[in-house]
Amino acid sequence: MTTPPGTGSGPASGATPGAKQAVPSGVHPVSTSRVLLVEDEPALAELARLYLERDGHRVDVVADSDAALAALDRRDHDLVLLDIGLPGSVDGIEVCRRMRAGDDWTPVIFVTARDDEVDRIVGLELGADDYVTKPYSPRELASRVRALLRRQQRAAESARDRPRTLAVGALVLETDTRRGRLHDRPLPLTTTEFDLLAHLMARPGRVYTRGELLMAVWDYPADDPTRTVDVHIAQLRAKLGDDSPIRTVRGVGYSVERP
């Protein structure tokens with residue numbers, strides 16, 4: 001793939017041309033994925049880019065929503081890091097909304113400045129795969145990216161070991177094509193939503209703790225303080241409505257129950 005002008009591994013917007021940046025050390029590149037980093041703070045964008053490139057990713061950096069939409073039209077990125085509070089004609093939430101409306105299900109990690117924006121993401125059913133809140137550690141951000149991309153690869157490999165179809169009531173998941181159906185109608189699901197739902201549906205009645213789900217679905221430590229499990233359960237329930245088979249076991253976790 002040819003890197004578009006003004007993007008890629010060159011200095012982020014606002015960086016001093018020719019200035020040497022301290023490249024993080026300690027980890028060798030392990031990936032060749034292409035990441036779109038949408039961030040309007042030059043210093044933050046540059047630091048995030050350095051950590052992502054250390055992991056072997058090709059990184060395209062854009063600083064506003066209009067440039068992000070233009071880059072997304074090419075559909076040649078494996079993951080999008082999307083700040084919500086962006087300059088431009090629309091904000092990051094609308095960028096994601098347009099992606100999903102155009103049937104673009106490239107994994108998205110939202111970067112938010114406030115915890116209440118996480119609730120807004122859920123309420124709008126945007127289908128984010130994960131989120132981080134500012135201020136964040138660039139090392140943590142790179143770890144989230146690695147985990148999500150690794151999970152995509154693992155999901156594709158594990159589909160061979162699962163039944164081709166998982167069904168609970170009117171809800172059906174086709175694990176080979178990674179498509180969902182509800183009452184024989186298409187059910188759009190993000191990568192993470194599909195993986196979480198498939199994990200729960202593979203063993204109906206089995207109660208999973210948040211820590212177990214974090215390890216199995218997100219590849220995060222069990223004691224990670226993130227709210228991402230609860231956020232994604234809420235997203236799934238919003239999409240499934242009254243047909244949702246997901247049950248909360250207070251003080252323990254979640255399960256899928258047959259009707």
Side-chain angles (χ1 to χ4, degrees), residues 1 3-4 6-15 21 24 27 29-88 90-100 104-114 117-118 120-121 126-153 190-192 218-220 226 228 231-232:
M1 290 178 289
T3 304
T7 61
S9 58
S13 175
Q21 300 291 335
V27 177
V30 294
S31 172
T32 56
S33 298
R34 189 171 185 178
V35 176
L36 178 62
L37 172 60
V38 189
E39 173 58 64
D40 65 314
E41 297 182 39
L44 192 57
E46 178 69 357
L47 188 58
R49 181 184 67 80
L50 288 170
Y51 271 80
L52 292 169
E53 289 185 344
R54 177 194 66 175
D55 279 354
H57 305 298
R58 289 172 293 170
V59 184
D60 298 335
V61 181
V62 297
D64 62 71
S65 60
D66 299 298
L69 289 169
L72 289 166
D73 278 343
R74 293 188 293 271
R75 297 205 180 193
D76 55 2
H77 293 94
D78 300 294
L79 184 143
V80 181
L81 280 165
L82 183 58
D83 193 5
I84 289 181
L86 289 172
V90 297
D91 63 8
I93 285 179
E94 180 60 24
V95 170
C96 186
R97 193 201 307 274
R98 294 186 186 184
M99 288 176 63
R100 301 319 190 207
D104 182 352
W105 295 93
T106 302
V108 171
I109 298 179
F110 269 122
V111 179
T112 75
R114 304 189 312 270
E117 287 181 331
V118 175
R120 186 181 173 205
I121 293 167
L126 292 174
D129 291 274
D130 202 354
Y131 70 93
V132 293
T133 54
K134 294 180 179 179
Y136 60 78
S137 158
R139 182 178 287 106
E140 172 66 13
L141 183 69
S143 175
R144 294 293 178 93
V145 169
R146 282 198 306 273
L148 181 51
L149 291 171
R150 187 165 56 239
R151 189 164 74 246
Q152 279 187 291
Q153 180 179 5
T190 68
T191 297
T192 305
W218 280 266
D219 202 19
Y220 294 170
T226 178
T228 195
V231 166
H232 281 84

Heavy-atom pair of closest approach, residues [X] and [Y]:
X: Val61; Y: Ala45; result: CG1-CB, 4.1 Å
X: Val111; Y: Asp83; result: O-OD1, 3.0 Å
X: Ala147; Y: Trp218; result: CB-O, 3.5 Å
X: Ala63; Y: Pro87; result: O-CG, 3.4 Å
X: Leu148; Y: Pro107; result: CD2-CB, 3.7 Å

Any heavy-atom pair between the side chains of [Y] and [X] that's under 4.5 Å?
X: Val80; Y: Leu72; value: yes
X: Arg100; Y: Val108; value: yes
X: Arg146; Y: Asp219; value: no
X: Met99; Y: Thr106; value: yes
X: Tyr51; Y: Glu140; value: no

Which value, rounded to the nearest 0.5 Å, describes the distance between [X] atom [atom1] and [Y] atom [atom2]?
X: Trp105; Y: Thr191; atom1: CH2; atom2: OG1; result: 9.5 Å
X: Leu86; Y: Asp91; atom1: CG; atom2: CG; result: 7.5 Å
X: Ile109; Y: Tyr131; atom1: CD1; atom2: OH; result: 12.0 Å
X: Arg150; Y: Ser33; atom1: CZ; atom2: OG; result: 11.5 Å
X: His57; Y: His77; atom1: NE2; atom2: NE2; result: 13.0 Å
X: Cys96; Y: Asp104; atom1: SG; atom2: CG; result: 9.0 Å

Test Asp78 against Val35 for side chain to side chain contact (heavy atoms under 4.5 Å, CB included), laying out the working first. CA-CA 6 Å; Asp78 300 294; Val35 176; over 6 Å; no
Tell me, with the steps shown, if Leu81 and Val145 meet side chain to side chain contact (heavy atoms under 4.5 Å, CB included). CA-CA 9 Å; Leu81 280 165; Val145 169; 4.0 Å; yes
Pro138 and side chain to side chain contact (heavy atoms under 4.5 Å, CB included): which single residue from Leu44, Leu52, Leu47 fits?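 So, applying the side chain to side chain contact (heavy atoms under 4.5 Å, CB included) to Pro138 and each of Leu44, Leu52, Leu47, only Leu47 qualifies.
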Can you tell which of Leu149, Asp130, Asp129, Thr228 makes a side chain to side chain contact (heavy atoms under 4.5 Å, CB included) with Arg144? Asp130
Would Val95 and Leu82 satisfy side chain to side chain contact (heavy atoms under 4.5 Å, CB included), going step by step from the backbone distance to the final call? CA-CA 9 Å; Val95 170; Leu82 183 58; 4.1 Å; yes
Charged N to carboxylate O below 4.0 Å: is that the case for Arg49 and Glu39? no
Just do the salt bridge (charged side-chain N to carboxylate O under 4.0 Å, His left out) check on Glu41 and Lys134 with the steps written out, would you? CA-CA 12 Å; Glu41 297 182 39; Lys134 294 180 179 179; 3.1 Å; yes
Donor-acceptor contact below 3.5 Å, side chain Asp64 vs main chain Asp66: yes
